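Written out below as C-alpha cells is the structure these notes cover.
So that the names make sense, note that chain A is the first sequence line, chain B the second, and so on, each numbered from 1. Computed from a prediction, not measured in an experiment: that's the story for all the values here.
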Amino acid sequence: MKIASWNVNSVGARLPRVLDWFSEARPDVCVLQEIKCVDEKFPAEAFEDLGYDVHVHGQKTYNGVALLSRHPVEDVRRGLPEYEDEHSRYIEALIVPEDAAPLRVGGLYLPNGNPAPGPKYDYKLAWMEALEAHAKRLLATEEAFALGGDYNVIPNESGVYDPSRWLGDALFRIESRQAYRRILNLGLTDALPQLMGEPYYTFWDYQRGAWDKNNGLRIDHWLLSPQAADRLEAGGVDAGVRDPNTGSPEAKPSDHVPVWVEIA
DNA sequence: ATGGTCGTGGGACGA
C-alpha cells in the first residue's frame, strides 16, 4: 500500500497539479494539509472520479486537512483526541484493504510556531505534547499505524541548507527537535531517512529563489509504529512537482512536495 | 541594505 502526504497550500488553487500527481503517483491513501477550505468547498468529486473516498476536516482560509483512500476506511477521527484545538490540523482513519492487513493512518499539520519564543511557539509545543500523548495511546493498542504530514520540524542539520541561520527559528529550535525526538523515542520510526541515500528536502520557500538555489528544508515526515515499520518496503519524495517550469501551467506549485511510503 | 513570494479575500496575516 502506497501512503502519501502532501501540504498542497490550498487545494482550490492547486487542483490541476494535485490531480496530475494523483493520476501519476496513484497513492492508495493520501493525507493533505493546508487545504484552506471548509468541508463543503473541498473538490471531492474530482478525487472520487479517480476512485477515492474523501474525508475532510476543513477550515476557512487557514489550515484544514483531508484523508483520501482507495480502500475502505473505518473509524474516521477529526482533531487530536483529548486536545481542544481551534485549528483543523489532524485527521485519522483505519484503512481496511481487502487484500492487505489493516493500517491506521493519521495526517497532521503541525503548527509553524513562529515567531519564537511567544504564544504561537507555546501552541506548537503544546500541540506536539498532545501528539506525543496520542502516539503513546496508539502504541498501546499494538496496531500498525503511520503518522504523516507537515511536522514543521527540521529534525537535524541535514534537514536545512544553512543550519546556523535557522537556530532561532521555530522549525529548528532545540525545543522543537527535542519534542520531535521524544515522539520518536516512544518507539516510532522516521521512515524516509531510512530509505533515502542522500540528504533530501521536502519544502522550498517561494521567496529568494529557494528552489533554484536548492535552499530547502526537510519538514514533511512519515512516522511508523513498529508493526508498520516491519512492513516498510519503499519510500520517496516527489521533488519534481516543486519545479514551476514543468507541470500544469494552470496552477503554480505548492511550496511542499509529496512524501510517500509503501507498506506491505 | 532592502525586498524579494504565495493564498485568501478584498486588508492584513500566516507561512
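- OP1 or OP2 of B:dG9 lies within a sub-4.0 Å distance of a side-chain N or O belonging to A:T61.
- A:R89 has its CZ atom 11 Å from the C1' atom of B:dA15, to the nearest Å.
- Distance A:L217 CG to B:dT5 P: 18 Å, rounded to the nearest Å.
- Ranked by how close their nearest DNA chain B nucleotide is to the 5' end, A:N7 and A:D205 are led by A:D205.
- Aromatic ring centres of A:H87 and A:Y123 lie closer together than 6.0 Å.
- The nearest whole Å value for the distance from the CG atom in A:N63 to the P atom in B:dG7 is 17 Å.
- The residue among A:N9 and A:Y109 whose nearest nucleotide of DNA chain B lies closer to the 5′ end is A:N9.
- When side chains are defined from C-beta on, A:L192 does not count as touching A:H221, because their heavy atoms never get closer than 4.5 Å.
- At whole-Å resolution of the value, OH in A:Y62 and P in B:dA12 are 13 Å apart.
- Rounded to a whole angstrom, the distance from the C1' atom of B:dG4 to that of B:dG9 is 22 Å.
- Atom-to-atom, CD of A:Q207 to C1' of B:dG4 comes out at 6 Å; the value is rounded to the nearest Å.
- At least one side-chain heavy atom of A:Y90 sits less than 4.5 Å from a side-chain heavy atom of A:W127.
- Distances shorter than 4.0 Å separate some side-chain N or O of A:K60 from OP1 or OP2 on B:dG9.
- Distance from the side chain of A:N112 is smallest to B:dA15 among B:dA15, B:dT8, B:dT5.
- Taking only side-chain nitrogens and oxygens, A:R14 comes nearer than 4.0 Å to OP1 or OP2 of B:dG7.
- As rounded to the nearest Å, B:dC6 and B:dG10 have C1' atoms that lie 16 Å from one another.
- One can place CZ of A:R208 at 12 Å from P of B:dG4, the figure rounded to the nearest angstrom.
- Computed from coordinates, the A:D212 CG to B:dG4 P distance equals 17 Å when rounded to whole Å.
- For the pair A:L139/A:F145, a side-chain contact is recorded, criterion being any heavy-atom separation below 4.5 Å from C-beta on.
- Here B:dC6 presents its P atom at 15 Å from NE2 of A:H256, a figure rounded to the nearest Å.
- A:F203 comes within 4.0 angstrom of nothing in the nucleic acid, heavy atoms only.
- Counting heavy atoms from C-beta on, the side chains of A:R104 and A:S225 never come closer than 4.5 Å.
- At the phosphate of B:dC6, OP1 or OP2 sits under 4.0 Å from a side-chain N or O atom of A:K252.
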